[in-house]
Amino acid sequence: MAQRVIVTGGAGYIGSHCVKRLGKLGYHILTIDNLSNGNKWAVLSGELKVVDLADTVTVKEIISSFNPHAVIHFAASIIVPESLQNPIKYYKNNTENSLNLLKILSELNIKNFIFSSTAAVYGIPEIVPVTEDAPLNPINPYGRSKMMTELIIQDISNAYGLKYTSLRYFNVAGADPEGKLGQAYRESTHLITRALKTAKGEFPYLEIYGTDYQTPDGTCIRDYIHVSDLAEAHIVALNSLLNNGESDVFNCGYGHGYSVKEVISVAKKVTGIDFKVIESDRRPGDPPQLIADCSKIKKKLNWQPRYNDLEFIIKTAWEWEKKR
Ligand code: UFG
């Protein structure tokens, strides 16, 4: 019998890659998505219910009748600068909606939960690469909204026996190597997508937000992880939970970082376009350097990333972007 999995946010960028992979592996999937940032066409497997998580009555009915073995909770708002301007949106969508969902799961006695957390919970880490036991000290409302949810999950787990895996994503990028999926946000603020859209001529230039950070070339450093490798991290986490694995928290990145300038130079190489770049002021809420220590997920869950190559990541994103 196929295991049943509910995926919130399964029509979004990361969720849709995960749904595709779950479908290939034979899981029976139900996606819950309000399509605020997701797309119907992106749900390549299973059923889609278009509903907002704030509609707890409908969500509970859907979950109750599907009776899943596990829930993977992607649905969230994810843009750091927006979270500074509109924190209520972030606490509502990321913290309150997660709490509502967890309440429903505990009422329905559904025990396995995978949560999309973020490297933003670390804030400005003292030691890089950062390990999972580093202090949580987020510097923006986005990171705080996710950290609070992680804490809520731990408390609920302690009290009611929920089993969970929180995955702390670093900078997710790239597109499905088969070309079926990719980033399709209404608004593109992420570096690689912005760079590629600039190469395409959708923006007149790309801004570098800050060149005076304490990094070798003065620009921020991030650990870019291919979206399909991240989807696979959910699969290994799910298998572990479904096979009586313990609750845990894992970083998802590759363990090395690239500066904004390095990303731009690879984007220029991949596209063959020397797009215009200008140096601007720092963007509020940006930590200088975020790099994952990813040894824990490799060791405990046997996660084996396949696409640890910035050029490949940008190539897949470029193939996708050109089609759009
Ligand atoms: N950047 C630019 N110009 C741009 C866009 C971004 O210079 O046009 C810079 C940013 O200032 C930052 C870096 O590129 O230094 C990466 O920025 P992104 O917006 O691509 O991503 P963030 O690091 O802000 O955030 C992303 C996700 C978060 C997640 C975080 C974890 O959006 O959800 O990675 O590392 F928490």
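Numbering of ligands and ligand atoms starts at 1, following listing order.
- Counting only residues at least two apart or on different chains, the ring-ring contact (aromatic ring centres under 6.0 Å, His included) pairs with a member in residues 189-216 are Y185-H190.
- Using modelled atom types and a 3.5 Å distance limit, the side chains of S166 and E150 yield no donor-acceptor pair.
- To the nearest 0.5 Å, atom CD1 of residue I63 and atom CD1 of residue I32 are 4.5 Å apart.
- The CG atom of L191 sits 8.5 Å away from the CG atom of N171 when rounded to the nearest 0.5 Å.
- Note on ring orientation: taking the six-membered ring where Trp is involved, the planes of F113 and F115 are parallel (angle under 30°, cut-offs 30° and 60°).
- With 3.5 Å as the limit, one finds a donor-acceptor pair spanning the side chains of Y254 and D229.
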Between the protein and ligand 1, are there any N or O atom pairs that come within less than 3.5 Å of each other, and if so, what are their names and distances?
unit_1   : atom_1 : unit_2 : atom_2 : d
ligand 1 : 3 (N)  : E207   : O      : 2.7
ligand 1 : 7 (O)  : E207   : O      : 3.4
ligand 1 : 7 (O)  : Y209   : N      : 2.9
ligand 1 : 11 (O) : D286   : OD2    : 2.6
ligand 1 : 17 (O) : R283   : NH2    : 3.4
ligand 1 : 19 (O) : R283   : NH1    : 3.2
ligand 1 : 19 (O) : R283   : NH2    : 3.1
ligand 1 : 20 (O) : L191   : N      : 2.8
ligand 1 : 21 (O) : N171   : ND2    : 3.2
ligand 1 : 23 (O) : N171   : ND2    : 2.9
ligand 1 : 23 (O) : R222   : NE     : 2.8
ligand 1 : 24 (O) : R283   : NH2    : 2.7
ligand 1 : 32 (O) : I78    : O      : 3.4
ligand 1 : 32 (O) : H190   : NE2    : 2.6
ligand 1 : 33 (O) : I78    : O      : 3.4
ligand 1 : 33 (O) : Y142   : OH     : 3.0
ligand 1 : 34 (O) : N171   : OD1    : 3.1
ligand 1 : 34 (O) : N171   : ND2    : 3.2
ligand 1 : 35 (O) : N171   : OD1    : 2.4

